[in-house]
Amino acid sequence: MIIIKTRSLLRKYVKSCRSGGGKIGFVPTMGALHEGHIELVRQAKQGTDTVVASIFVNPTQFNDPKDFQKYPVTIEKDILALEAAGTDLLFLPAVQELYPDGTLELEHYELGYLETILEGFYRPGHFQGVCQVMKRLLDAVDADRLFMGQKDYQQCMVVKRLLHLMGSHTELITCPTVREADGLAMSSRNKRLTTEQRARAIGIYKALQRIQDLAGKKGIATLKQDALRILEDHQFRTDYVEIADGITLQPVSEWSETQKPVALIAAFQDEVRLIDNIIINS
Ligand code: AMP
């Protein structure tokens, strides 16, 4: 695996790979890698000829500075894991490389409704930061296929919108959420949980399962209440439990309002914020 730290070298490398007719797959991450990330690399290997991964903890997408400071960093382990999974190139830029003029006055993206609901509502500015970094990374990598996780459902929708705004040729491939044996969605933030919090964190998956199991049989408002109660029982402080249309992400109040319902949760164990979702088989 080659490690590159500058955009100019990365562009050169990608250009030479592409000149042989090969397709480029890209897996952007913020490091502290787990099986969920590695599965994205595996999908990219299956679907493309050259796999580029990136590790960059993007300061502009953290609306909470404490969350940024405490974001786990395990770079040596990450490099070994990416190499073992067959990554061809790791892009490892410094903040200065992606934001040479600083991070204060950056461009704004028209994300519309997506920015006003759920993660957009509870993390103001977060999706602007996601777009700012993804635009820079996508410009540098110029991938044919971009591999991202369903765990960040709304982020995938935002990135799809960004690709449209950019007039990009890159195709977004959304990969299923990889879970721990007990169902907890893998997340870099899980590393910050104490043993007790980790045990209670399963509450999110239990709440989602409750909705999944009784979808169509019980009303949406009742199931959202049930889910909230499960979260409370596991000492979660909940930002939202929502059932929405999987295409538009508009909340629904009746099952008949959507063909593809998705249940989404964001909740805190103390100061660690976790998100998860489930596409409901109706
Ligand atoms: P992050 O490093 O958290 O920014 O995540 C990098 C990419 O990995 C994003 O596309 C995430 O959606 C994806 N990802 C994170 N956790 C999982 C998971 N448990 N399963 C699948 N993909 C994931």
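In this text, all values refer to a predicted model and were calculated from it rather than measured experimentally. When a residue number appears, it is its place in the shown sequence, counting from 1. Atoms within a ligand are numbered from 1 in the order they appear, just like the ligands themselves.
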Is there any N or O on Cys175 that sits under 3.5 Å from an N or O of ligand 1? no
Can you figure out which of Ile38, Leu40, Thr29, Leu172 has its heavy atom closest to atom 8 (O) of ligand 1? Leu40
Any side-chain heavy-atom pair from Leu92 and Ile4 closer than 4.5 angstrom? no
Hey, would you say the Phe62 and Tyr71 ring centroids sit under 6.0 Å apart? yes
Tell me whether Gly149 has any N or O atom under 3.5 angstrom from an N or O of ligand 1. yes
Looking only at heavy atoms of Pro28, does any of them come nearer than 4.0 Å to an atom of ligand 1? yes
Please tell me if the side chains of Tyr153 and Glu119 come closer than 4.5 Å, counting only heavy atoms from C-beta onward. no
Should the pair Lys135-Glu107 be classified as a salt bridge under the 4.0 Å nitrogen-to-oxygen rule? no
Under 4.0 Å from one or more heavy atoms of Met148, ligand 1 contributes atoms 10 (O)
Examine ligand 1 and decide if any of its atoms is less than 4.0 Å from a heavy atom belonging to Glu39. no
Evaluate the side-chain proximity of Arg123 to Arg273: yes if any heavy-atom separation is below 4.5 Å, no if none is. yes
Taking only non-hydrogen atoms of Pro176, do any sit less than 4.0 angstrom from ligand 1? yes
Sub-3.5 Å N/O-N/O distance, Val178 and ligand 1: yes
Geometric class of the Tyr240/Tyr122 ring pair [parallel <30°, tilted 30-60°, perpendicular >60°]: tilted
Of the side chain and backbone of Tyr71, name the one, both, or neither that has a heavy atom under 4.0 Å from an atom of ligand 1. side chain
Ignoring angles and geometry beyond distance, decide whether Asp152 reaches within less than 3.5 Å of ligand 1 through its nitrogen or oxygen atoms. yes
Please tell me if the side chains of Thr174 and Leu172 come closer than 4.5 Å, counting only heavy atoms from C-beta onward. yes
Measure His34 to ligand 1 on non-hydrogen atoms and call it side chain, backbone, both or neither using the 4.0 Å cut-off. side chain
For a 4.5 angstrom cut-off between non-hydrogen side-chain atoms, does Leu98 reach Leu137? yes
In ligand 1, which numbered atoms sit nearer than 4.0 Å to a non-hydrogen atom of Met186? 16 (N), 17 (C), 18 (C), 19 (N)
Gln128 side chain to Gln132 side chain, donor-acceptor N/O pair below 3.5 angstrom: no
Pick from Gln155, Met30, Gln61, His37: the one approaching atom 5 (O) of ligand 1 most closely through a non-hydrogen atom: His37
